[in-house]
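What follows is a set of notes on a single structure, which appears directly below.
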Amino acid sequence: MISVHVAVVLKQLADMMELKGENPFKVNAYRRAARAVENSRTPLDSLKGPEELPGIGKGTAAVIREIMTTGRSEQLEKIKSQLPSGLPELLTIPGLGPKSIHVLYRELGITGVDELQQAVEAGRVRHLSGFGEKKERNLAEGIRQRNKRPQRILLVQALPLAERLQERIEKIPHVKRVEPAGSLRRRKETVKDLDFVVATEQPRQVAEAITAIPEVTKVVNHGETKVSILIEMELVIPVDIRLVRPQQFVSALHHFTGSKEHNVRIRQRAKELGWKVSEYGIHEPATDRDFTFQDEQEMFVKLGLPYMEPEIREDRGEMDVPAERLPRLLQRNEYRGDLHLHTRWSDGIATVEEMAVAAKKRGYSYIAITDHSQFLKVAGGLTADDLKRQREEIDRVNEKIAGITVLAGVEMDILPDGRLDYPDDVLQELDVVIASIHSGFQQEKARLTRRIIGAMENPYVHIIAHPTGRLINRREPYALDLDEVFQTAKETGTILELNANPFRLDLNEQYLKRGKEEFGLTFSINTDAHSPETLSHIGMGLAIARRGWLEADDVINTYSLEQLQERLAQKWGG
DNA sequence: GCCGTTTTCGGCCCGACTGTTTTCAGTCG
């Protein structure tokens, strides 16, 4: 985890140097170094030296070594002592960048958001060079927006909104094609806004029509080829729409799908080949020719690259590994069964049979019923005796319904003191034992880590559910030494879950990638569904798994029932 | 600060939009 800390410090250093007005290329060099450290398949302490990573030379390597030995950077401390501590937070105000912050600080002595707000209200900002009345008003609005702190929108909420809006735009005359792009297309766990690319020969007319959509509550920007609006459907969400000619559509779609970092690498690549990539196509200056494409595959081929799915376009190695090392990402139809489901026996709303029928409809070959254990009284946790009676019901369902196998399992609490909620002789009787934490979130890192590791060391515990306990926008992950957890998972053959609940998505994509690449771990993707409807959340889980570079072999839910049982049994072998 | 089958110096991804300027800087994605 040392790499994570080093990357954080390097990014801080870059931010502070930017505010100080350092050479932007120097600032960028530190940002690139931070990314290189973050995305390296090999952790820093396993390298001969930081210089092995691309973009890291003598200077940055020395800073990294310092952070690795002392935990801090003297250079950063020094800049921090020169610049007021409130400046970096000014960067979070939309429309305000390092240059303007520098002027505000130099001319008005502004060192924080509150002071800026006062200066704006007093009308002192408009007189600065490069500022004016309009800019001052925009700043006031920017501060308001920042203070509202718009939460990022969950992917599961954004997807249906995007679909509805897409249908709206498709109906506008002269629209030839419209597709969502941006982080939504890359399937990030949350999105800030929706991006669309529209193909049309009549951009002005179409732009007009878009601003006239009834749900549009505000037109933020309205240029020749770009419209920014606020849409109010179930919630208010910013939407950016780019209008291009039909032959430019594919390049524009690629460009606005991003990520920004991926695009930078793509353009560098093109430049090496003597071309220029923009949202309009590939330009060859030598011959003054322009290339456009029928689909994205064609564009990647032109650049001599293998096709990269939107989910991995993050500059997290996809541009650096050889084509054969790019993952064959997990597909929806490879997923054969959900291993973490609740029923009325605890806090679910459906019966075992109803869950089995719904799962069969989705084409699954098996499921596991894993209700809560006795400790979780608020959720109606089951006693050992309840489990026996539930097993009888599961047996009956298995006899009644053909074509799907229902496994008997449990989601057992790891108690606050680290003990497990059932003795081994109870666990031994079950097909699938999931262990998880629902209490003592505030405990210290060592203690929480020990609780999870203790559970993994039990020979009957197959899976650790939602390992970090985070809830997106609601609760931070609890303190955990994940390196230790990953190491123990590897040694004991314990499987870690990617919980597909849209608020959890836990493990997150970066942990999945690291767990796979550094530790060779196997994962299980489960919905934790409490109703037949929420079985559909598996889509979110699959999306995050793909963003974590997972392939079918990395996920036990793609195994046949036989393979699955064999893999679960490996736990006994240690 | 980093980097080099054109380079050890002079570059470093590209374009739209806004608001401030009268030809462009700053910000954003």
Side-chain angles (χ1 to χ4, degrees), chain A residues 10 13-14 17-18 21-36 50-51 53-64 75 90-104 125-139 141-142 181-186 188 191-197 203 207 219-228 238-244 248 251-252 254-283 285-286 303 313 315 319:
Chain A
L10 288 177
L13 197 50
M17 292 198 317
E18 188 169 38
E22 279 275 11
N23 174 356
F25 296 109
K26 188 171 164 180
V27 172
N28 195 243
Y30 278 100
R31 295 234 162 91
R32 264 181 26 233
R35 292 192 63 76
E51 296 93 337
L53 298 177
I56 296 183
K58 255 165 104 183
T60 317
V63 175
I64 292 175
Q75 200 183 344
L90 289 172
L91 282 170
T92 64
I93 296 171
L96 193 56
K99 293 279 165 59
S100 308
I101 292 174
H102 206 64
V103 172
L104 289 166
V125 170
R126 67 184 71 168
H127 306 299
L128 299 174
S129 85
F131 290 77
E133 277 188 47
K134 196 131 189 199
K135 213 160 183 175
E136 193 177 66
R137 271 204 302 279
N138 289 345
L139 271 182
E141 175 61 24
S183 49
L184 183 94
R185 182 161 180 248
R186 302 200 312 279
K188 274 191 77 166
V191 302
K192 182 166 63 62
D193 57 13
L194 304 180
D195 295 289
F196 286 91
V197 180
V219 179
V220 182
N221 270 329
H222 187 178
E224 287 277 304
T225 61
K226 179 181 163 175
V227 185
S228 301
V239 182
D240 276 334
I241 296 153
R242 300 293 301 237
L243 307 143
V244 297
Q248 299 166 332
S251 279
H254 175 270
H255 176 86
F256 293 110
T257 296
S259 66
K260 190 180 158 209
E261 292 77 9
H262 170 85
N263 286 353
V264 168
R265 295 295 306 273
I266 288 281
R267 289 190 209 115
Q268 284 168 344
R269 165 87 189 171
K271 203 165 177 177
E272 286 163 21
L273 299 168
W275 298 325
K276 221 171 65 165
V277 170
S278 78
E279 53 262 58
Y280 304 118
I282 294 183
H283 179 71
L303 291 166
R313 298 181 197 164
D315 191 24
M319 292 291 292

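Lettering follows sequence order; numbering is per chain, from 1.
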Between B/dT18 and B/dT23, how many Å separate the two C1' atoms, rounded to a whole number?
15 Å
For a quick check of understanding: with a heavy-atom distance under 4.0 Å over all strands, which category does A/H222 fall into, base, sugar-phosphate or nothing?
sugar-phosphate
Is a side-chain donor or acceptor of A/E136 paired with a backbone partner of A/V125 at a separation under 3.5 angstrom?
yes
Taking any heavy-atom pair under 4.0 Å as a contact, classify A/R242: base, sugar-phosphate, or nothing.
sugar-phosphate
Tell me the interatomic distance from A/E18, atom CD, to B/dT27, atom P, rounded to whole angstroms.
9 Å
Have a look at A/N23 and say if it touches a base, only the backbone sugar-phosphate, or nothing, with a 4.0 Å heavy-atom cut-off.
base
What is the distance, rounded to the nearest whole Å, between atom NZ of A/K135 and atom P of B/dC17?
17 Å
Taking the P atom in each of B/dT6 and B/dC2, what is the distance between them to the nearest angstrom?
23 Å
To the nearest Å, how far apart are A/L139 CG and B/dG19 P?
11 Å
Taking only the C1' atom of each, what is the distance from B/dT7 to B/dC12 in whole angstrom?
13 Å
Taking only side-chain nitrogens and oxygens of A/N138, does any of them come within less than 4.0 Å of OP1 or OP2 of B/dG19?
yes
Is A/E18 salt-bridged to A/R31, going by a charged N under 4.0 Å from an acidic O?
yes
Answer with base, sugar-phosphate or nothing: what part of the nucleic acid does A/K260 contact at a heavy-atom distance below 4.0 Å?
base
A/I56 CD1 to B/dC2 C1', straight-line distance once rounded to whole Å
11 Å
Under 4.0 Å between a side-chain N/O of A/K26 and OP1 or OP2 of B/dC12, yes or no?
no
Under 4.0 Å from OP1 or OP2 of B/dC17: is there any side-chain N or O of A/T225 that close?
yes
Rounded to whole angstroms, how far apart are CD on A/E136 and C1' on B/dT20?
14 Å
Using a 4.0 Å heavy-atom cut-off across all strands, classify A/V277 as base, sugar-phosphate, or nothing.
sugar-phosphate
Sticking with atom P, work out how far B/dG26 lies from B/dT20, rounded to a whole angstrom.
14 Å
Quantified in whole Å, what is the C1' atom distance between nucleotide B/dA16 and nucleotide B/dG10?
28 Å
Applying a 4.0 Å non-hydrogen cut-off, can you work out what A/E133 is touching in the nucleic acid: base, sugar-phosphate, or nothing?
sugar-phosphate
Between A/S259 (side chain) and A/R313 (backbone), is there a donor-acceptor pair under 3.5 Å?
yes
For nucleotides B/dT5 and B/dG1, find the distance between their P atoms and express it as a whole number of Å.
23 Å
